[in-house]
Amino acid sequence: AREGKIGVPRTWVRNTRSPQLGRAPLAPFKAASRCVSILAKNERLGRTNVGNRGADARVKRLSAEEAASLVESGMWIDMGGVNAQSEVFDRALAARAGRLSDVKVRSCLSIRPLAFLEADPEGQHFQSYNWHFSGYDRMKHDDGRVVYIPLNLGEVPDYYRRFIDPPDIAVIRTAPLDENGMFNFG
C-alpha cells in the first residue's frame, strides 16, 4: 500500500468501516491515534508478545460451547478462513446471540453459511468483517451484514501489529494434537 502523509497505508484507512453498519470511514489521523491506543492498551494489559504462544504453554481442550461461553459483548473474535473456520464453534456462538452485543468477528473466505450471521439477520448482536470474499460473503456484504477489510496479503502481519485491535479470542480448526502435544493447521 502507498503511504499516506503520516505513514498509514491509504488502502487500510480508506475502507475499514462500512456505512451500512452506521460507521464513517476512518481518517488517517484517527487511524494513527487508534494504532497508538492499541499499543497503549496492549502495554497496559501486559501484552508484550501479542499472538505468540510460549513453548511451555499448555493446551487446554474446550468444547465448542465452553469456548463460546468465553465470548463477551464487545469482543473481537478471529474465526480463521476457509476450512480453518470451526463449524461447531460457529453454531455455539450463534446459540448465544441473544446474550451478546457488538461482537466483532473477522474471517476469510467462508465456504458455508455462517451460523452466527444467520442467527442475527439484522446485525443487532454480531458485526462481521472479512479479509476476502467467497460467494456467500459477497451476498452478505450486499445485504449490509459483512464489511470488507482491504487486504494486501503480504501486509497482514503488519495490519495486526499496527492498525487493528488484536483478537480477544481466536478460533481456528486444526488437526488433532500429536503425541508431542503439537498441532498444525494443515
Side-chain angles (χ1 to χ4, degrees), residues 12 35 38-100 102-120 125-138 140 146-186:
W12 177 255
C35 175
I38 291 169
L39 293 173
K41 174 183 169 186
N42 287 338
E43 188 175 304
R44 191 173 59 251
L45 295 173
R47 295 178 181 164
T48 56
N49 233 351
V50 176
N52 290 340
R53 191 181 162 107
D56 61 342
R58 299 289 179 244
V59 174
K60 180 179 178 185
R61 297 186 90 153
L62 299 174
S63 70
E65 291 75 21
E66 289 172 318
S69 73
L70 299 174
V71 177
E72 298 173 9
S73 294
M75 282 187 162
W76 273 100
I77 310 300
D78 273 16
M79 289 261 298
V82 197
N83 285 329
Q85 290 177 346
S86 172
E87 295 174 40
V88 292
F89 175 80
D90 180 27
R91 288 192 301 268
L93 184 61
R96 296 198 61 227
R99 292 171 282 199
L100 298 169
D102 194 36
V103 174
K104 298 163 287 290
V105 181
R106 270 188 295 256
S107 61
C108 180
L109 273 172
S110 305
I111 58 173
R112 59 175 174 70
L114 296 172
F116 78 89
L117 280 177
E118 300 300 326
D120 184 25
H125 308 282
F126 300 108
Q127 298 172 27
S128 181
Y129 298 83
N130 201 298
W131 295 107
H132 192 78
F133 285 170
S134 65
Y136 171 79
D137 298 322
R138 186 166 305 282
K140 290 299 182 183
V146 175
V147 177
Y148 174 68
I149 305 170
L151 174 67
N152 183 349
L153 188 59
E155 295 177 350
V156 170
D158 196 42
Y159 293 172
Y160 275 90
R161 281 191 292 270
R162 298 190 323 150
F163 300 114
I164 63 177
D165 290 325
D168 295 295
I169 297 175
V171 179
I172 302 168
R173 183 167 52 190
T174 66
L177 292 171
D178 66 15
E179 63 279 353
N180 297 316
M182 306 295 282
F183 56 87
N184 67 49
F185 302 125

Student check: side-chain heavy atoms of Phe89 and Arg173 closer than 4.5 Å: no

Closest non-hydrogen atom pair, Tyr136 against Leu114: OH-N, 3.2 Å

Any side-chain heavy-atom pair of Leu109 and Ser134 under 4.5 Å: yes

Distance, nearest 0.5 Å, that separates CD1 of Ile164 from OH of Tyr129: 11.5 Å

Side-chain touch Phe133/Val146, heavy atoms, less than 4.5 angstrom: yes

Gly154 versus Pro157, closest heavy-atom pair with distance: O-CD, 4.0 Å

From CG (Asn83) to CD1 (Ile172), nearest 0.5 Å: 13.0 Å

Closest heavy-atom pair and its distance - Asp90, Pro113: OD2-O, 4.2 Å

Within-4.5 Å side-chain heavy-atom neighbours: Ile77 and Phe116: no

Arg106 to Trp131 six-membered ring, cation-pi geometry met (6.0 Å, 45°): no

Donor-acceptor pair, side chain of Asp168 and main chain of Met75, under 3.5 angstrom: no

Gap separating the CD atom of Gln85 from the SG atom of Cys108, nearest 0.5 angstrom: 8.0 Å

Verdict with supporting geometry, Lys140 and Glu118, salt bridge (charged side-chain N to carboxylate O under 4.0 Å, His left out): CA-CA 10 Å; Lys140 290 299 182 183; Glu118 300 300 326; 3.3 Å; yes

Any donor-acceptor pair under 3.5 Å from Asp102 side chain to Ser73 backbone: no

Heavy-atom check, side chain of Val171 versus side chain of Leu93, under 4.5 Å: no

Met79 CE to Asn130 CG distance, which is reported to the nearest 0.5 Å: 10.5 Å

Test item: His125 side-chain N/O and Leu100 main-chain N/O as donor-acceptor pair under 3.5 Å: yes

Qualifying residue, where the test is side chain to side chain donor-acceptor pair (under 3.5 Å) with Asp137 and the options are Ser128, Ser110, Ser107: Ser110

Closest non-hydrogen atom pair between Arg99 and Ala95, with its separation: NH2-O, 3.4 Å

Atom pair CG (Leu153) and OH (Tyr159), whose distance is rounded to the nearest 0.5 Å: 9.5 Å

